[in-house]
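This report refers to the structure that appears directly beneath it.
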2 protein chains.
Amino acid sequence: MIESLLYPSLNSASEFINTSLRIKKFILCCGLFSVEYVGRSSSTLGLGERVLIIKGDGSVLVHRSKGYEPINWQPSGCIIRCEVEDDKMIVFSERRRPKEFLKAVFDKVYIVFSTSLIDNAKFLMGPSEEKFYSILFKHPEFIEKGLRLTSKQKSLSAGVVDFTGVDGNGNYVFVEVKRRTAGVDAVKQLDKYIRSQPTKFRGILCAPSITKPALSLLEKKGYTFRKLDLNRISKLLTIEPFEETLDKHL
Amino acid sequence: MIESLLYPSLNSASEFINTSLRIKKFILCCGLFSVEYVGRSSSTLGLGERVLIIKGDGSVLVHRSKGYEPINWQPSGCIIRCEVEDDKMIVFSERRRPKEFLKAVFDKVYIVFSTSLIDNAKFLMGPSEEKFYSILFKHPEFIEKGLRLTSKQKSLSAGVVDFTGVDGNGNYVFVEVKRRTAGVDAVKQLDKYIRSQPTKFRGILCAPSITKPALSLLEKKGYTFRKLDLNRISKLLTIEPFEETLDKHL
DNA sequence: GCGCTTAGCCGCTCA
DNA sequence: TGAGCGGTTAAGCGC
């Protein structure tokens with residue numbers, strides 16, 4: 001749900017912002033204003049048209065017409081207030097530690113809106129699950145030097161093992177892969193697969209990180225943990241799917 | 001001049017955005033969308049309510065409800081396009097070097113506006129590292145009594161040393177300056193410069209304070225720490241007219 | 001809390 | 001174009 005005001009008076013804009021601040025909404029205000037900042041450093045920015053963003057967590061951003069970076073900002077946790085004085089609308093933001101202040105003085109407000117921005121989506125760094133497995137299958141050296149993979153997503157009676165292979169010493173290997181921190185359940189899964197086999201398999205658990213309990217269980221069982229560098233892997237992601245989509249529309 | 005659409009259809013929003021892109025306006029679009037990014041790294045962000053900003057210089061920002069930083073972005077210079085397909089509005093952004101792509105897929109657009117953001121104001125930054133250097137260069141006694149500085153920001157093969165000089169006892173000196181607490185990296189930097197020289201140099205690390213690990217490394221290397229009195233130095237900087245404005249609001 | 005490391009760091013300067 | 005480096009770096013993690 002969006003509420004917005006187009007070309008409001010400074011008084012209505014101020015009232016609107018204060019109401020939205022109280023219920024910690026995302027607020028965006030575009031207008032003609034100047035900015036002063038003092039804290040770790042200090043700065044002054046003369047009058048101009050720009051955009052002020054106040055987030056529900058108390059972060060503040062001032063964006064000009066160019067560039068990735070905000071020209072002025074405060075990180076989350078600030079206390080923000082808005083008022084009208086001498087025909088100017090003033091947004092005042094205070095950070096406690098380190099002590100910092102930011103002041104935006106509006107001559108005019110062109111548009112102001114606020115909304116709750118309901119957003120519970122997960123942000124996943126790195127490739128999608130499917131992509132991820134196919135990359136590792138092609139590049140087993142990311143798991144372990146000398147490792148050769150013979151099958152992926154192989155069905156066993158006990159479940160589906162991510163990879164089977166042979167390590168540099170000729171041992172047969174089962175690999176369980178997790179895209180995120182591996183917990184005890186991941187170790188149990190791996191253990192289940194290996195114990196379902198009549199012959200001996202080495203166990204490798206491969207994940208960006210592992211919890212302490214999971215690691216001790218893993219060691220107790222005699223399996224190996226291999227750390228995954230997600231960034232290195234995502235660099236191998238081809239941009240082909242994007243290029244195709246782009247080409248189609250050019 | 002602001003143009004805006006509240007709860008537009010995806011088709012109108014797309015048309016609006018393309019028109020605004022053509023004349024390089026600042027565009028802001030708030031809605032329900034997902035984001036995919038592939039390039040130096042890669043990421044996927046599921047469906048959620050957030051804000052997409054496209055600037056006239058071809059920078060792109062995706063802001064969620066929290067935090068200073070955008071969750072996804074592209075720096076300036078991107079080629080951006082918008083279209084509707086299968087009841088989704090898609091914003092594509094392509095960066096040439098390095099090759100990177102960002103795709104925002106909108107289910108709904110709540111508000112979209114565009115404007116020119118005329119802003120020619122000067123941005124004046126307070127005392128920066130550079131300012132510090134010039135003051136210290138003029139007042140080497142702040143670093144050490146009897147010190148004479150011979151050059152600043154001198155390029156070596158190993159990097160750029162803040163000051164070179166001669167101390168009261170006639171020793172050649174390299175000075176590394178930090179305007180905040182110096183950490184181990186500052187000591188390493190100084191060490192690197194000195195070790196790159198065939199002749200002997202005394203090392204001085206000059207900062208308001210130093211961390212414990214940094215100090216012990218410094219002593220082990222036989223260099224000197226000199227405390228920088230920020231208050232004394234700031235008196236030589238232009239006085240900020242901001243303090244009084246602050247007082248009024250506190 | 002402090003201090004250290006990382007980042008799709010960004011953006012600048014200079015060889 | 002690439003490397004080095006500062007930044008109101010911010011943000012996360014360990015102690």
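Here is the naming used below: chain letters follow the sequence lines, and residue numbers restart at 1 for every chain.
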Quote, to the nearest angstrom, the P distance that separates C:dG8 from C:dC4.
22 Å

Is any side-chain N or O of B:Arg179 closer than 4.0 Å to OP1 or OP2 of D:dT8?
no

Whole angstroms only, please: what is the CG-C1' distance between B:Leu217 and C:dG3?
15 Å

Taking the minimum atom-to-atom distance to the side chain of B:Arg97, which one of C:dC10, D:dA10, D:dT1 wins?
D:dT1

Among the nucleotides C:dG8, D:dG6, D:dC5, which one has an atom lying closest to any side-chain atom of B:Lys192?
D:dC5

Please give me every residue in residues 53-66 of chain A whose heavy atoms get under 4.0 Å of an atom in DNA chain D, ordered by residue number.
none

More than 12 foreign heavy atoms under 6.0 Å from OH of B:Tyr172: is that the case here?
no

Nearest to the B:Gln189 side chain among D:dG6, C:dC9, D:dT8, which nucleotide is it?
D:dG6

C:dC10 and C:dT6: how far apart are their C1' atoms, nearest whole angstrom?
14 Å

Please tell me which of the listed nucleotides, D:dT8, C:dG8, C:dC4, lies nearest to the side chain of B:Thr211?
C:dC4

Rounding to an integer number of Å, can you tell me how far A:Tyr68 OH sits from C:dG11 P?
8 Å

Between B:Ser196 and B:Ser157, do the side chains contain a donor N or O and an acceptor N or O under 3.5 Å apart?
no

From D:dT8, C:dG8, D:dG6, pick the nucleotide closest to the side chain of B:Pro75?
C:dG8

If only side-chain N and O atoms of A:Arg40 are considered, is one of them under 4.0 Å from the OP1 or OP2 phosphate oxygen of D:dG6?
no

Can you name the nearest heavy-atom pair linking B:Ile80 to B:Leu21, along with the distance?
O-CD1, 3.6 Å

Any pair counted as salt bridge (Lys or Arg N to Asp or Glu O under 4.0 Å), so long as it reaches residues 43-56 of chain B, sequence neighbours left out:
A:Asp119-B:Arg50

When you measure from the side chain of B:Glu176, which nucleotide among D:dG6, C:dC4, C:dG8 comes out closest?
D:dG6

On the six-membered ring of B:Phe137, is B:Lys152 placed so that its NZ or CZ lies under 6.0 angstrom from the centre and within 45° of the ring axis?
yes

Residue whose nearest DNA chain C nucleotide is more 5′ - B:Asp185 or B:Ser76
B:Asp185

Please give, in whole Å, the distance from D:dG4 C1' to B:Asp162 CG?
13 Å

Cut-off 3.5 Å, no hydrogens considered: what does the side-chain donor-acceptor table look like for residues 217-224 of chain B, sequence neighbours left out?
{"from": "B:Lys221", "atom 1": "NZ", "to": "B:Asp191", "atom 2": "OD2", "distance (Å)": "3.1"}
{"from": "B:Tyr223", "atom 1": "OH", "to": "B:Asp191", "atom 2": "OD1", "distance (Å)": "2.6"}
{"from": "B:Thr224", "atom 1": "OG1", "to": "B:Arg202", "atom 2": "NH2", "distance (Å)": "3.2"}

Just call it for B:Pro213: base, sugar-phosphate, or nothing, with non-hydrogen atoms closer than 4.0 Å on any strand.
sugar-phosphate

Hey, which of these two, B:Gln74 or B:Lys212, hits DNA chain C nearer its 5' end, going by closest nucleotide?
B:Lys212

Could you check how far CH2 of A:Trp73 sits from P of C:dC9, rounded to whole Å?
18 Å

Identify which nucleotide among C:dC4, C:dC10, D:dG7 has an atom closest to any side-chain atom of B:Val184, counting heavy atoms from C-beta outward.
C:dC4

Using a 4.0 Å heavy-atom cut-off, does A:Lys99 contact any base of the nucleic acid, only the sugar-phosphate backbone, or nothing at all?
nothing

Gap between atoms NZ and P, on B:Lys178 and C:dC4 respectively (whole Å):
13 Å

Length of the NZ-C1' vector between B:Lys152 and D:dC5, whole Å
18 Å

Is the closest side-chain donor-acceptor distance between A:Thr44 and A:Glu36 under 3.5 Å?
no

At 4.0 Å (heavy atoms only), tell me whether A:Gly39 reaches a base, stays on the sugar-phosphate, or touches nothing.
nothing

Separation of C:dA7 C1' from B:Glu100 CD (nearest whole Å):
13 Å

Across the strands shown, which category fits A:Phe123 at heavy-atom distances under 4.0 angstrom: base, sugar-phosphate, nothing?
nothing

Whole-Å distance separating the CG atom of B:Leu215 from the P atom of C:dC4
12 Å

Closest to side chain of A:Glu69, choosing from C:dC10, D:dT8, C:dG8:
C:dC10

Is the shortest distance from a Lys or Arg side-chain nitrogen in B:Lys99 or B:Glu94 to a carboxylate oxygen in the other one below 4.0 Å?
yes

Position toward the 5' end of DNA chain D (nearest nucleotide), A:Ile71 or B:Ala158:
B:Ala158

Verify whether the ring centers belonging to B:Phe201 and B:Phe174 lie closer than 6.0 Å.
yes

